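Heavy-atom basis, side chains included; hydrogens, waters and symmetry copies ignored. All values reported here derive from a predicted model rather than from experimental measurement.
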Amino acid sequence: MRPWDRFLTDSDRDIFDRSGFGGSVGFGARPVLLVVDINYNFCGEYRLPLRESVDRWPSSCGPQAWDAVERTKTLLAAARAAAVPVFFSSGFREGSTFFDRGRWNDKSPRSREQQANPRGNDIVDALAPLSHEIVVRKGRPSAFFGTMLASYLVDLGADTLVVCGTTTSGCVRATVTDAFSLNYRVVVVEECTFDRGEASHAMSLFDLHQKYADVRSLADTAAHFAGLPRDLYANTLLGGEMAAGSDRN
């Protein structure tokens with residue numbers, strides 16, 4: 001069973017089968033991992049029932065977030081053990097104004113509350129980036145929009161973006177479609193993505209799997225990382241940083 005199965009009608013299944021969508025793009029030869037927006041804005045400061053968490057943190061995804069955090073720890077460990085470069089994305093930490101939220105101010109009237117929290121855009125402590133891992137700061141849903149992410153991937157010679165994080169229907173989806181548009185292979189790790197809405201989470205995964213990415217399990221992704229040569233990025237500047245970071249941690 002996939003997350004989207006119970007939301008599909010018989011007609012949906014028939015049409016997508018006939019249309020020929022849902023092929024596999026595979027991992028490619030040089031993957032990197034991107035952890036999208038797993039910060040306190042989207043998780044809350046600790047596990048609470050969803051309604052309570054949203055009352056305190058407008059963008060929170062509640063228990064689903066903390067379940068995914070635990071699984072993402074496993075994914076991060078697998079990537080780091082394989083010397084796969086890891087990137088994070090989040091919003092701007094400080095100095096951001098209500099003005100630069102743009103149309104978020106219209107779509108989310110509680111945006112001012114979110115901006116007022118000084119820790120909101122911090123990556124949760126359980127997934128803290130290592131010293132050499134880059135946090136891409138962004139002001140819009142896609143981790144590519146107005147950031148250096150694409151240039152980092154070009155410099156690494158990466159051909160595959162492995163994506164996890166939140167929200168599936170928002171920043172994950174926007175990032176995946178931009179990566180697809182830039183001709184990267186994209187893998188979305190099913191158990192390490194989350195959203196505040198069950199249906200939007202499931203159907204966003206379905207849409208991404210049909211058209212823009214492979215939605216794969218954590219076990220499959222970790223196994224693929226484990227089979228990669230550890231010197232894959234040794235000849236890049238980041239390769240030296242990863243090796244040094246491995247010695248320290």
Side-chain angles (χ1 to χ4, degrees), residues 2-4 12 15-39 42 59 68 72 75 79 84-92 100-104 107-108 133-190 192-195 197 200-217 220-221 224-225 232-233 236 238:
R2 305 306 298 268
W4 51 79
D12 291 333
I15 293 301
F16 275 90
D17 285 346
R18 289 171 180 269
S19 298
F21 287 107
S24 176
V25 300
F27 279 97
R30 294 173 67 86
V32 302
L33 175 62
L34 173 64
V35 182
V36 176
D37 293 13
I38 306 187
N39 57 37
F42 289 102
S59 295
T72 303
L75 180 63
V84 168
V86 177
F87 292 86
F88 296 78
S89 72
S90 191
F92 294 103
D100 66 22
R101 294 281 290 168
R103 300 288 64 79
W104 284 129
K107 296 303 294 181
S108 179
E133 292 171 347
I134 294 171
V135 180
V136 176
R137 297 290 173 181
K138 64 190 183 68
R140 295 297 180 266
S142 172
F144 287 95
F145 187 85
T147 77
M148 291 285 289
L149 179 58
S151 64
Y152 296 145
L153 301 182
V154 169
D155 200 32
L156 287 169
D159 63 2
T160 304
L161 196 62
V162 178
V163 179
C164 67
T166 193
T167 60
T168 321
S169 61
C171 297
V172 168
R173 183 175 184 136
T175 299
V176 168
T177 54
D178 275 359
F180 173 90
S181 298
L182 291 167
N183 278 333
Y184 288 101
R185 299 174 184 271
V186 187
V187 172
V188 178
V189 186
E190 180 182 313
C192 300
T193 59
F194 59 96
D195 208 313
S200 59
H201 167 72
M203 292 312 297
S204 293
L205 285 179
F206 173 75
D207 286 339
L208 293 176
H209 187 66
Q210 291 297 311
K211 293 178 282 189
Y212 306 121
D214 290 352
V215 176
R216 294 189 178 236
S217 70
D220 284 350
T221 307
H224 181 78
F225 285 164
L232 195 60
Y233 289 95
T236 68
L238 186 57

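Of all non-hydrogen atoms in Arg30 and Leu156, the two that sit nearest each other are NH2-O, 2.7 Å. Here the closest non-hydrogen pair linking Asp220 and Phe27 is O-CZ, 4.5 Å. Summarising the geometry of Tyr184 relative to Ala150, their closest heavy-atom pair is OH-O, 4.0 Å, with the distance given to 0.1 Å. Taking both residues in full, the closest heavy atoms of Leu205 and Val215 are given as O-CG2, 3.5 Å, listed atom of the first, atom of the second, then distance.
Side-chain contact between Ser142 and Thr177 is absent, with no heavy-atom pair separated by less than 4.5 Å. Val186 places none of its side-chain heavy atoms less than 4.5 Å from the side chain of Tyr212.
Distance alone, capped at 3.5 Å, is enough to place a donor-acceptor pair between the Thr175 side chain and the Ala143 backbone. Judged by distance alone, the side chain of Thr193 and the main-chain N or O of Gly165 form no donor-acceptor pair under 3.5 Å.
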Intermediate values then yes/no, side chain to side chain contact (heavy atoms under 4.5 Å, CB included), Arg173 and Asp207: CA-CA 9 Å; Arg173 183 175 184 136; Asp207 286 339; 3.3 Å; yes
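Applying the ring pair (Phe, Tyr, Trp, His ring centres under 6.0 Å) rule to His201 yields no partners; only residues at least two apart in sequence or on another chain are considered. Not counting sequence neighbours, the partners of Phe16 by the ring pair (Phe, Tyr, Trp, His ring centres under 6.0 Å) test are Phe206.
Distance check, rounded to the nearest 0.5 Å: CG of Asp178 to CZ of Phe145 gives 9.0 Å. Rounding to the nearest 0.5 Å places CG of Leu153 at 11.0 Å from CE of Met148. The CG atom of Leu34 sits 11.5 Å away from atom CD1 of Ile134, with the distance rounded to the nearest 0.5 Å. The CG atom of Leu149 lies 14.0 Å from the CZ atom of Arg137; values are rounded to the nearest 0.5 Å.
For the pairing with Glu190, the side-chain contact (heavy atoms from CB on, under 4.5 Å) check across Ser217, Pro3, Cys164 returns one residue only, Pro3.
Using a 3.5 Å distance cut-off with no hydrogens or angles, the side chains of Asp214 and Ser24 do pair a donor with an acceptor.
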